[in-house]
Amino acid sequence: MKRNIVIAVVTAAALVGGGTATALAVAGDDDDTTSVTRTDDDRDDRGEDRSDDRDDRGEDRSDDRDGDDDDGAVRAAAGGVTAAEAITAALKHTPGTAVSAELDDGSWEVDVLAGGDTWHTVRIAPDSGKVLGAQKDDEDDAAEVRAALKGASVTAEDAAKAAAAKGTVVSVDLDDDGDDRGWEAETRASGGDERDWSVGLTTASVTADRDDD
């Protein structure tokens, strides 16, 4: 009789709760009955919890990848080839005037203004200094660049060496606009902090870029 009462109570609870229920009754005798009730709502909650856990883990992995991207340039530069060395290797392959060097997509890209006002981009491996490739570019600002560098004694290689005292140089570029002409260099620390610097065309003096303050 008591077992019948237990089953009736469980069935009524399932109907009131809006879900289904499963009752397991184990009876040694009429006075010792144990019942365990599992509802569909409980199973749904556990499923949602597992789904939330997977989402959280996915977000954590995404955050880790973002951090890796931020430090990618620093690790590549730590491969052994500095910005100055990359410029030297590029000019050995393609003689001319180096106007910029940037660590991008796992290699150094050095822009060289060669004879006849032709532009070339030379890619250098950051771990070996070997030339990975070179291509001719269609640029039309050769006259402006030559005018900006007129009378300059500091080359892109010199600017990269000077800025290296401030951190790992990941780019150096000629700023040929306005009156404040000079070299611009970007450095990164191991933690990913970026700083911009200005390097003089005649003195190689390094000062913090005013736009970076």
Side-chain angles (χ1 to χ4, degrees), residues 63 65-92 94 96-114 117 119-127 129 132 134-135 137-213:
D63 291 340
R65 285 194 296 271
D66 290 341
D68 291 341
D69 291 341
D70 290 340
D71 290 340
V74 174
R75 289 200 303 273
V81 177
T82 65
E85 291 169 343
I87 293 171
T88 299
L91 292 178
K92 184 176 181 180
T94 305
T97 301
V99 178
S100 70
E102 180 180 8
L103 191 57
D104 185 43
D105 292 335
S107 66
W108 285 104
E109 293 187 357
V110 182
D111 289 336
V112 178
L113 176 58
D117 292 344
W119 288 93
H120 299 267
T121 296
V122 185
R123 294 188 301 111
I124 305 296
D127 55 348
L132 300 176
Q135 67 181 33
D137 293 330
D138 185 16
E139 299 286 349
D140 59 1
D141 58 347
E144 291 84 347
V145 169
R146 293 194 187 283
L149 291 175
K150 186 177 181 179
S153 57
V154 177
T155 65
E157 181 181 0
D158 296 332
K161 290 179 179 179
K166 304 296 185 180
T168 301
V169 178
V170 294
S171 72
V172 59
D173 190 17
L174 177 65
D175 180 6
D176 59 356
D177 295 329
D179 296 330
D180 296 330
R181 296 177 179 180
W183 296 105
E184 294 180 341
E186 180 183 347
T187 61
R188 291 187 188 177
S190 58
D193 294 334
E194 301 177 0
R195 292 295 305 273
D196 292 327
W197 308 90
S198 296
V199 182
L201 289 174
T202 58
T203 63
S205 60
V206 181
T207 57
D209 193 315
R210 287 177 297 180
D211 292 335
D212 193 42
D213 293 339

Over all atoms of both residues, closest heavy-atom pair of [X] and [Y]:
X: V110; Y: A101; value: CG2-CB, 4.0 Å
X: V112; Y: G96; value: CG1-CA, 3.9 Å
X: D176; Y: A148; value: CB-CB, 3.5 Å
X: A89; Y: G129; value: CB-O, 3.7 Å
X: W108; Y: V81; value: NE1-O, 3.2 Å
X: A160; Y: A83; value: CB-CB, 3.9 Å

How many angstroms lie between atom [atom1] of [X] and atom [atom2] of [Y], to the nearest 0.5 angstrom?
X: H120; Y: L91; atom1: NE2; atom2: CG; answer: 11.5 Å
X: L201; Y: T155; atom1: CG; atom2: OG1; answer: 10.5 Å
X: T207; Y: K166; atom1: OG1; atom2: NZ; answer: 9.0 Å
X: R188; Y: S171; atom1: CZ; atom2: OG; answer: 8.0 Å
X: I124; Y: T88; atom1: CD1; atom2: OG1; answer: 10.0 Å

Show every salt bridge (charged side-chain N to carboxylate O under 4.0 Å, His left out) that has at least one partner inside residues 149-164, sequence neighbours left out.
E157-K161
With sequence neighbours left out, which residue pairs that include part of residues 139-149 fulfil the salt bridge (charged side-chain N to carboxylate O under 4.0 Å, His left out) condition?
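Applying salt bridge (charged side-chain N to carboxylate O under 4.0 Å, His left out) to every pair that reaches into residues 139-149, excluding sequence neighbours, yields D117-R146.
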Please check this pair: side chain of T202 against backbone of S153, looking for a donor-acceptor N/O pair closer than 3.5 Å.
no
Give a yes or no on whether the backbone of A163 and the side-chain of W183 come within a donor-acceptor separation of less than 3.5 Å.
no
Mind running side-chain contact (heavy atoms from CB on, under 4.5 Å) on D111 and L113 for me, showing each step along the way?
CA-CA 7 Å; D111 289 336; L113 176 58; over 6 Å; no
Could you walk me through whether T187 and V169 pass side-chain contact (heavy atoms from CB on, under 4.5 Å), step by step?
CA-CA 4 Å; T187 61; V169 178; 4.0 Å; yes
With sequence neighbours excluded, tell me which residues meet side chain to side chain contact (heavy atoms under 4.5 Å, CB included) with E109.
D104, S107, T121, R123
Let's go through I87 and V172 carefully: what are the C-alpha distance in whole Å and the side-chain angles of both, what is the deciding distance for side-chain contact (heavy atoms from CB on, under 4.5 Å) to 0.1 Å, and is it a yes or a no?
CA-CA 10 Å; I87 293 171; V172 59; 4.0 Å; yes
